[in-house]
Amino acid sequence: MLKPVTPRVISLFFIILLLRVLCTPDVYAAGKIEIDDTKWISLGLGLRTSFTAQEDKAPNGNWGNDFNLDNLRLYVNGQIHKYIKVEFNTECDNCTSSDPTRGGNMIILDAIGKFEFNQYFNIWAGRQLVPQHRAELDGPFFQNVYNFTQTPFYTADFSGSIGQGGRFGRDDGVNIWGALTPDRRLTYVLGVFQGHRGGSNQSDSLLYAGRISYNFLNIEQNPGYYTSSTYYGKGGDILTAAYVLQYQNNGAGTEASPSTFYGMNGDLLFEKVLGNKGVLTVEGELKYFNPNLSDQALADPNCFCIFSGLSWMTTGLYLFPQKVGIGQFQPYVRYVDTNPNESSSRYLVEGGLNYVIDGHNARISLFYQYGDFLTKGRTYTPGVKGDAVSAVGLGLQLQL
């Protein structure tokens, strides 16, 4: 069971690190402390907060209004040897919950021991992102729009705790990653994880996941196997295609009616710096999941009934080259279509405007959404109903 880290412990930890930063003469930008020629530690933080208003067609057509603390993350990275690094990140769990007994706890998001040897072969062990689609490897802070992916979740993001399959796309396990070509155009990441435990998986079968991607134009520059869904033109012309596969025996269903889960997806990112220095970005994703759930499992309220079917998403953005005030405007449109085998289909249309101040580090987003995904959500069992409704929102993202 994932244990919360008390705010007092987190505060003391970062106060000690801050004092070290202030008292160390060799301090560099972004909170990096150089200890000696091979040892260093860096600090960072991320905040995402928003206001949303969503239409409610029943019973009187009022709109719900909510202020949300969507993410509060504290980052620590360090190197203790030429080939050994460590990453430790936290997150505010259930920050949006109005129940004080359930929300607001700081939890361990990532805890990774890294053995990084060369561009071809590296090993990360611990709690980390499971190889999957680009949006999840972006995380909420490195996507091109404020709202997180509305396509179906893989196992590591479907359930509510590490013990039941993951949280925030993370799970406990091991990844190997690197490049398959000297120019780093062809990259890979392969992992073995706990996956879904208990329920259908009484045999403790492991989850296997892999992702392979190819850079047709410029090489994307990211730490490890992480990704971004826009570089605001700073990465030049980008065209990258990727394929993902995940498999776990007894990874879905119930104890009485277990089934094997496998899911796959392809994703594509295209970014072009135009002659006027404006930036065109197009992202697409196609997912197919097949957990082969039985009617008996679907009727059980305790079923680990992960999505079964086909879903796709596409997003188009244009970053104007002119600065207005301290930032640049970036209008966008997004469409998501999800077709479960055992439930009703759902869709979402979104249009918005990003005000980009400092790339992913400072951005304000205004958006409008319409569709029945807003009422049906991610419940993919039979009998799910919901109206197509509207929602508007304003989001703020800051990182250091």
Side-chain angles (χ1 to χ4, degrees), residues 29-31 42-53 66-75 89 91-92 95-96 109 129 133-150 168-169 220-223 226-236 238 267 269-274 276-283 285 313-336 348-369 391-400:
S42 68
L43 313 176
L45 59 89
L47 168 70
R48 296 174 75 249
T49 184
S50 64
F51 170 79
T52 56
D66 294 290
F67 284 97
N68 304 302
L69 176 57
D70 299 304
N71 300 97
L72 177 60
R73 296 187 174 181
L74 303 174
Y75 312 127
N89 305 316
E91 170 67 292
C92 183
C95 284
T96 59
L109 183 68
L129 281 165
H133 59 126
R134 177 177 289 270
E136 191 66 80
L137 299 185
D138 295 345
F141 286 91
F142 290 89
Q143 295 196 76
N144 47 35
V145 302
Y146 186 85
N147 291 293
F148 194 59
T149 175
Q150 285 94 10
F168 299 108
E220 294 186 65
Q221 303 296 326
N222 295 293
Y226 298 157
T227 61
S228 297
S229 280
T230 181
Y231 299 89
Y232 304 102
K234 295 180 180 179
I238 300 288
D267 56 69
L269 178 67
F270 173 67
E271 188 154 283
K272 174 69 176 178
V273 181
L274 304 178
N276 65 350
K277 304 302 181 182
V279 182
L280 174 67
T281 304
V282 178
E283 182 183 13
E285 173 187 293
M313 175 277 293
T314 185
T315 309
L317 310 93
Y318 178 71
L319 179 67
F320 284 96
Q322 302 86 1
K323 267 199 170 185
V324 179
I326 59 174
Q328 297 166 268
F329 286 112
Q330 185 186 45
Y332 71 87
V333 292
R334 166 178 279 189
Y335 183 80
V336 182
L348 183 71
V349 180
E350 180 175 336
L353 182 66
N354 295 328
Y355 185 60
V356 182
I357 301 168
D358 183 19
H360 296 295
N361 294 327
R363 190 179 70 193
I364 301 171
S365 301
L366 177 67
F367 54 88
Y368 168 79
Q369 299 174 316
V392 293
L394 183 67
L396 170 66
Q397 173 174 312
L398 298 172
Q399 276 195 120
L400 176 64

Within-4.5 Å side-chain heavy-atom neighbours: [X] and [Y]:
{"X": "R73", "Y": "F168", "result": "yes"}
{"X": "V333", "Y": "T315", "result": "no"}
{"X": "L74", "Y": "N89", "result": "no"}
{"X": "Q150", "Y": "M313", "result": "no"}
{"X": "Q143", "Y": "F148", "result": "yes"}

Measuring from [X]:[atom1] to [Y]:[atom2], what's the distance to the nearest 0.5 Å?
{"X": "D138", "Y": "H360", "atom1": "CG", "atom2": "NE2", "answer": "7.5 Å"}
{"X": "R48", "Y": "N71", "atom1": "CZ", "atom2": "CG", "answer": "5.0 Å"}
{"X": "T230", "Y": "E271", "atom1": "OG1", "atom2": "CD", "answer": "3.5 Å"}
{"X": "Y226", "Y": "L137", "atom1": "OH", "atom2": "CG", "answer": "9.0 Å"}
{"X": "Q397", "Y": "R363", "atom1": "CD", "atom2": "CZ", "answer": "4.5 Å"}
{"X": "E136", "Y": "T149", "atom1": "CD", "atom2": "OG1", "answer": "8.0 Å"}

Fill in: Pairing of R134 and E220 as salt bridge, 4.0 angstrom limit
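Yes.
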
Can you give me the closest heavy-atom contact between [X] and [Y], atom names plus distance?
{"X": "Y332", "Y": "L366", "result": "OH-O, 4.5 Å"}
{"X": "N147", "Y": "Q369", "result": "ND2-NE2, 3.4 Å"}
{"X": "G395", "Y": "S50", "result": "CA-CB, 3.9 Å"}
{"X": "N354", "Y": "L317", "result": "ND2-CD2, 4.0 Å"}
{"X": "F141", "Y": "L47", "result": "CE2-N, 3.5 Å"}

Worksheet item: Does the pair L398 and L396 meet the rule for a side-chain contact (heavy atoms from CB on, under 4.5 Å), with working shown?
Response: CA-CA 7 Å; L398 298 172; L396 170 66; 4.1 Å; yes

Item to complete: Determine the sole option in V279, V356, D358 for which the side-chain contact (heavy atoms from CB on, under 4.5 Å) test with Y232 is passed.
Response: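 Output: one option passes, namely V356.
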
Discussion item. Consider side-chain hydrogen bond (donor to acceptor under 3.5 Å, both in side chains). Of T281, N222, N144, which one does Y231 pass it with?
Written reply: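 When T281, N222, N144 are each tested with Y231, the side-chain hydrogen bond (donor to acceptor under 3.5 Å, both in side chains) holds only for N222.
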
Item to complete: Take I364 and L353 through the side-chain contact (heavy atoms from CB on, under 4.5 Å) test and state the conclusion after the steps.
Response: CA-CA 8 Å; I364 301 171; L353 182 66; over 6 Å; no

Practice prompt. Give me the ring orientation class for F367 and Y146: parallel if the planes are under 30° apart, tilted from 30 to 60°, perpendicular past 60°.
Written response: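 Correct class here is parallel.
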
Worksheet item: With a 3.5 Å cut-off and no angle check, do the side chains of E283 and S229 form a donor-acceptor pair?
Response: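 On atom types as modelled, these side chains qualify, holding a pair under 3.5 Å.
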
Item to complete: Give a yes or no on whether the ring-centroid distance for F320 and F329 is below 6.0 angstrom.
Response: no

Worksheet item: Which pairs count as side-chain hydrogen bond (donor to acceptor under 3.5 Å, both in side chains) when at least one residue sits in residues 316-328, sequence neighbours excluded?
Response: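 side-chain hydrogen bond (donor to acceptor under 3.5 Å, both in side chains) check on residues 316-328 returns N276-Y318.
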
Practice prompt. Starting from the C-alpha separation in whole Å, work towards a yes-or-no answer on side-chain contact (heavy atoms from CB on, under 4.5 Å) for N68 and T52.
Written response: CA-CA 8 Å; N68 304 302; T52 56; 3.4 Å; yes

